[in-house]
Chemist: 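Structure in structure tokens, see below.
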Amino acid sequence: MILLTAEALTMRFGGLVAVNDFNLHIEKGEIVGLIGPNGAGKTTVFNMIAGYYTPSEGVIRFRDSVISGLKANRITKAGIARTFQNIRLFSELSVIENVMIGYHCRIRSSFFGATLRLPLYRREEKMMVDGAMKLLREVGLEEVARERSTSLPYGKQRRLELARALATGPQLLLLDEPAAGMNPNETQELLELILRLRTDYDLTVLLIEHDMKFVMEICERIKVLDYGTTIAEGTPHEIQNNPRVIEAYLGEVQRA
Ligand SMILES: Nc1ncnc2c1ncn2[C@@H]1O[C@H](COP(=O)(O)OP(=O)(O)O)[C@@H](O)[C@H]1O
Ligand SMILES: [Mg+2]
């Protein structure tokens, strides 16, 4: 079953074409990689899928509904969650409260219900606390649940973002450079975590990552962007041996 389709997506910022004629199909349960040099347009693709940007052209479908043009909160409710390249946590809040934020899109209580602590809200609050704690256990953060989120080391903050994304109850998870800043051990643990979460939560994953070892190990299929254009797609093996991909990455070394 095809979960997500992007057809002929183009995103322009003024005169800059950040993403040009981008096409993608993701089958339910797949782990797909989106790679390419810095500035290639990868995060812009995520921003279009997640409803942060409305594509200049093209259509995005999720489970047979057109979602392009919907606001981000509607897309979250529809079942797409994301993490950010630059971690975005609520620094004033504790670890568990950051995960509970993810649940808010799923509860029925109104703001007044919450303020007045009506019975429905109290039931839902318990559901949120229990659910958030379970997710923190999943990602190995239960012991720091009451700490301030920004007091955590970098690798743990990334796992916290993952827990918060899961709290929204997604079917499709978009991970923007989940291994960035992690050491090889943390990266390997993350890889195992993502594989386990995919099974336990019946997830489909689209991820952006620069760590090639990680990408090649975890992805079943990879798409390569360069200057907004798709230059290759295929299995990890095909991508690793593709001359255009090698050239794009060599180009990056020369540009740097
Ligand atoms: N909101 C924006 N306004 C203007 N330009 C943007 C915006 N977002 C991204 N861009 C530009 O689009 C291009 C692709 O950026 P991005 O998608 O972040 O690349 P990547 O994630 O592959 O590194 C870059 O040239 C970037 O400067
Ligand atoms: Mg990016």
Side-chain angles (χ1 to χ4, degrees), residues 4 6-24 26 31-60 67-73 75-76 80-89 154-155 157-162 164-165 172-182 187 190-191 194 205-216 218-219 221-234 236 239-240 242 244-256:
L4 184 97
E7 283 166 23
L9 293 188
T10 292
M11 187 75 225
R12 292 189 203 91
F13 298 108
L16 174 80
V17 184
V19 174
N20 188 23
D21 192 19
F22 179 83
N23 293 281
L24 176 68
I26 305 180
I31 299 183
V32 178
L34 188 57
I35 67 171
N38 283 322
K42 305 179 299 294
T43 297
T44 301
V45 168
F46 271 25
N47 282 330
M48 288 190 280
I49 296 173
Y52 291 74
Y53 298 156
T54 299
S56 311
E57 283 168 37
V59 176
I60 304 168
I67 58 161
S68 35
L70 295 183
K71 291 260 183 309
N73 62 340
I75 290 179
T76 308
I80 301 179
R82 74 175 301 181
T83 62
F84 293 90
Q85 182 174 351
N86 306 306
I87 298 173
R88 292 193 196 176
L89 294 169
Y154 203 71
Q157 290 193 23
R158 288 224 170 263
R159 279 190 276 143
L160 174 53
E161 271 220 317
L162 192 53
R164 186 180 57 190
L172 175 65
L173 200 53
L174 308 176
L175 304 175
D176 199 343
E177 303 196 18
M182 288 189 174
T187 305
L190 176 72
L191 191 145
I194 293 171
V205 180
L206 176 63
L207 63 89
I208 296 171
E209 186 48 62
H210 284 298
D211 183 327
M212 282 306 123
K213 182 173 175 291
F214 177 89
V215 169
M216 297 300 163
I218 199 168
C219 296
R221 215 149 51 78
I222 296 169
K223 240 177 138 70
V224 190
L225 283 180
D226 193 22
Y227 293 112
T229 300
T230 304
I231 59 165
E233 69 180 296
I239 294 301
Q240 270 169 315
N242 183 309
R244 282 194 75 183
V245 177
I246 295 165
E247 192 188 328
Y249 276 97
L250 287 178
E252 178 165 61
V253 173
Q254 280 155 13
R255 266 176 268 169

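Both ligands and their constituent atoms are indexed starting at 1 by order of listing.
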Chemist: Once you round to the nearest 0.5 Å, how far does OG1 of T43 lie from CD1 of I208?
Modeler: 4.5 Å

Chemist: With rounding to the nearest 0.5 angstrom, report the CD1 to CD1 distance, I49 to I60.
Modeler: 5.5 Å

Chemist: If you take all heavy atoms of F22 and V45, which pair is closest and at what distance?
Modeler: CE2-CG1, 3.7 Å

Chemist: How long is the gap from CD1 on I26 to CG on L174, to the nearest 0.5 Å?
Modeler: 7.5 Å

Chemist: Would you say the side-chain atoms of K223 pair up with the backbone N or O of N23, donor to acceptor, closer than 3.5 Å?
Modeler: yes

Chemist: A side-chain contact here means heavy atoms from C-beta on lying under 4.5 Å apart; do L190 and L162 qualify?
Modeler: yes

Chemist: Under 2.8 Å from the Mg ion (ligand 2), which protein N/O/S atoms are there?
Modeler: T43 OG1, Q85 OE1

Chemist: Check this for me: does any side-chain nitrogen of one of R164 and E161 sit under 4.0 Å from a carboxylate oxygen of the other?
Modeler: yes

Chemist: Which value, rounded to the nearest 0.5 Å, describes the distance between T230 atom OG1 and L24 atom CG?
Modeler: 8.5 Å

Chemist: Give every pair made of an N or O atom of ligand 1 and a protein N or O atom lying under 3.5 Å apart, one pair per line with both atom names and the distance to 0.1 Å, or write 'none'.
Modeler:
| residue | atom | partner | partner atom | Å |
| --- | --- | --- | --- | --- |
| ligand 1 | 1 (N) | Y53 | OH | 3.0 |
| ligand 1 | 8 (N) | Y53 | OH | 3.4 |
| ligand 1 | 17 (O) | T43 | N | 3.4 |
| ligand 1 | 17 (O) | T44 | N | 2.9 |
| ligand 1 | 17 (O) | T44 | OG1 | 2.6 |
| ligand 1 | 19 (O) | G41 | N | 3.2 |
| ligand 1 | 21 (O) | T43 | N | 2.9 |
| ligand 1 | 21 (O) | T43 | OG1 | 2.9 |
| ligand 1 | 22 (O) | A40 | N | 3.1 |
| ligand 1 | 22 (O) | G41 | N | 2.9 |
| ligand 1 | 22 (O) | K42 | N | 2.9 |
| ligand 1 | 22 (O) | K42 | NZ | 2.8 |
| ligand 1 | 23 (O) | G39 | N | 2.8 |

Chemist: For E177, is there an ion pair with R158 - N to carboxylate O distance below 4.0 angstrom?
Modeler: no

